[in-house]
Asker: 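Got a structure for you, written out below as structure tokens; questions coming shortly.
Each ligand, and each atom within it, is numbered from 1 in the order the structure gives. Worth knowing before you read on, the calculation uses all heavy atoms, side chains too, and leaves out hydrogens, waters and symmetry mates. Just so we're clear, the structure is a prediction, and the values are computed from it rather than from any experiment.
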Amino acid sequence: MLNRRQFAIGSAAVASGGLVGGIAGIRLAQSESVHFTRRLPIPPLVDAAKQAGAVRLKVGSGRHAFVEGKPAPCYGYSGPVLGPAIRLRRGDEVEITVENALDVDTTVHWHGLLVPGDVDGGPHQVIKSGGTWRPRLKVEQPAATAWFHPHLHHDTARQVYMGLTGLIIVDDGSDASLGLPRSYGIDDLPIIIQDRSFASDGSLLYDLDPDPQTIQYGNRGTTIIVNGVVGPVARVPSGLVRLRVLNAANAQNFDLRFSDRREFRVIASDAGFLAAPVSMKQLRIAPAERFEILVDFGNRKPVMLETGPDTLMGIFGTVSPDGSADFVSIMRFEPTAMAATARYFPARLVEPAAANSQAAVQRRQFVLDSGICGGQRPTEMGMLPGMCINGKTHDLARIDVETRLGTLEIWEIVSVGMAHPFHVHGASFRILSLDGAPPPAHLAGWKDVVLVEDKAELLVAFNHSATPQHPFMYHCHILEHEDAGMMGQYVCA
Ligand code: C2O
Ligand code: CU
Ligand code: CU
């Protein structure tokens, strides 16, 4: 199944001098030596309600074997790598104590939590090395799968790559009323997908002084990891299982399908449930997007989850040029004799309010571009490309947009050169159009990330406040683009 690529784990990267550069070097190269025998790690669940509303997170460094038997230095939240899944209930007020035990500064951004700018964890809320940050979060949003990750000015990409990613589960009771699988780690599984390149000793390869091409492509690994390991196997009950899929890659789009091409149902996107389950056989997920899917393992046959080549590199081509034959297996599911509690796909989920574009009070355009828009940085390797929105690179001291609390706006996002996953903090949106057409059903619910190949029109709901001291960000979620300046700031009052 994995025989189309010659590169073993790490060898592509070693061949290109320790970094992932050049088109050949960024092909997915899931190794034929991947055996899918390691148990899928399940991040520990931290239920805020059971902690009396006080959650502690320690950001630190540790060692973890991404590649079996080869422990390597990395970063994690309250553990060597990744972080716990934090469960929050709608209506909760939670105090989170974040301690930074790294030897560098960091921030913790709650991606997808709808909270005010002063507790959002963006680049203005630096937690110094050795310091502590204690935000209070009021959870007022519907059920969703969100996540948390660093957002430090110019050092987000590396810190995420080193392992800083955790899941947030917002529960509003609809799981139970809809009869959805909700036993965390049993029939409700976090599936955090990332790509990495490894040296032969299993350590992470990340280029600290990237060449222009690495910035343009974003950092792309040769090997896929799920929940922090190469080649995992999940043992699942035979019946309906819910997967909370998060693409936490720096840059790579994944194109997911099962090896037997079975249908699955998408039930939720970034910011909440869809109106009804959407049947699909293949699902593209861009960096920072989340989809919850229901998969029926009732036939008790083992099956692989696969991903295809990233075809959305625009003028830069395709990550894997030979097309669909290049799907690689990324994990295995093995149904057990245990029957699943959920047996039927629900017919309806949660109907979102109509996306009424007539109610918008503003229309704005954001052009995501690279290269010649100023902000280039000279290095030994030559000029690094600037990454811009509307011709400007990010400036922590500049407010780009002012919005009014309680209003809707239409944001038109235009990608130049390649597809960019656009994200807005502190707000969720509905996609009104994508490349001139209405969005497909699985992209018609509330979201906070949209992969824009050409042009998208979004109806953004501004319901959370942000001051000039603590503005919200909007940016491309290719982390190398974000670090290179493809980000802007807005206030909301
Ligand atoms: Cu995942 Cu600015 O965020
Ligand atoms: Cu965010
Ligand atoms: Cu981008």
Side-chain angles (χ1 to χ4, degrees), residues 83 106-117 119-125 137 141 144-157 159-161 164-168 192 194 214-220 246-253 270-271 286-290 310 312-316 366-371 373 375 385-389 393-394 396 413-429 447-454 456 460 464 466 470-490:
T106 193
T107 85
V108 179
H109 167 53
W110 321 107
H111 179 136
L113 273 196
L114 297 170
V115 293
V119 288
D120 181 57
H124 295 267
Q125 281 122 29
L137 308 177
Q141 67 195 88
T145 301
W147 62 302
F148 55 100
H149 63 76
H151 220 299
L152 193 77
H153 194 44
H154 293 324
D155 197 27
T156 296
Q159 292 193 12
V160 172
Y161 191 87
L164 292 177
T165 288
L167 214 68
I168 296 173
I192 302 169
Q194 300 172 300
T214 305
I215 294 191
Q216 291 280 9
Y217 290 138
N219 196 294
R220 310 219 172 209
L246 161 66
N247 178 347
N250 283 34
Q252 181 85 355
N253 297 301
D270 311 330
E289 273 190 309
R290 291 87 68 205
D310 189 348
L312 290 175
M313 308 279 290
I315 56 171
F316 310 112
F366 299 88
V367 179
L368 280 50
D369 200 357
S370 61
C373 51
M387 290 286 163
C388 307
I389 298 180
T393 52
H394 181 64
L396 279 171
I413 317 301
V414 178
S415 285
V416 179
M418 67 183 286
H420 297 280
F422 182 80
H423 168 52
V424 189
H425 288 213
S428 24
F429 55 74
K447 288 183 58 61
D448 58 47
V449 181
V450 57
L451 183 64
V452 183
E453 285 181 64
D454 178 20
V460 193
H464 298 272
H470 300 287
F472 285 131
M473 307 292 127
Y474 55 87
H475 58 92
C476 174
H477 221 289
I478 291 180
L479 299 180
E480 287 72 22
H481 292 186
E482 177 190 330
D483 276 345
M486 196 177 276
M487 178 153 73
Q489 312 193 106
Y490 78 95

Asker: Is it true that His109 and His425 have ring centroids separated by less than 6.0 Å?
Answerer: yes
Asker: For Tyr490 and Phe472, take the angle between the two ring planes, folded into 0 to 90°, and tell me which bin it lands in: parallel under 30, tilted 30 to 60, perpendicular over 60.
Answerer: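 Ring orientation of Tyr490 relative to Phe472: tilted.
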Asker: Tally every protein N/O/S atom whose distance to atom 1 (Cu) of ligand 1 is less than 2.8 Å; waters are neither shown nor counted.
Answerer: 3
Asker: With side-chain hydrogen bond (donor to acceptor under 3.5 Å, both in side chains) as the test, would you mind laying out the steps for Asn250 and Glu480 before giving the verdict?
Answerer: CA-CA 7 Å; Asn250 283 34; Glu480 287 72 22; 2.9 Å; yes
Asker: Assess the pair His111 and His423: is the distance between their ring centroids shorter than 6.0 Å?
Answerer: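 So the answer is yes for these two rings.
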Asker: Angle subtended at the Cu ion (ligand 3) by ND1 of His420 and ND1 of His481, to 10 degrees?
Answerer: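 The angle at the Cu ion (ligand 3) comes to 110°, rounded to the nearest 10°.
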Asker: Does the pair Ser415 and His420 meet the rule for a side chain to side chain contact (heavy atoms under 4.5 Å, CB included), with working shown?
Answerer: CA-CA 6 Å; Ser415 285; His420 297 280; 3.5 Å; yes
Asker: For Ala286, is there any backbone N or O sitting under 3.5 Å from a side-chain donor or acceptor partner on Glu289?
Answerer: yes
Asker: Got a sec: is His423 within less than 2.8 Å of the Cu ion (ligand 2) via an N/O/S atom?
Answerer: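 Looking at His423, which is the residue asked about, there is an N, O or S atom under 2.8 Å from the Cu ion (ligand 2).
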Asker: Could you go step by step and tell me if Gln489 and His124 meet the side-chain hydrogen bond (donor to acceptor under 3.5 Å, both in side chains) rule?
Answerer: CA-CA 11 Å; Gln489 312 193 106; His124 295 267; 2.6 Å; yes
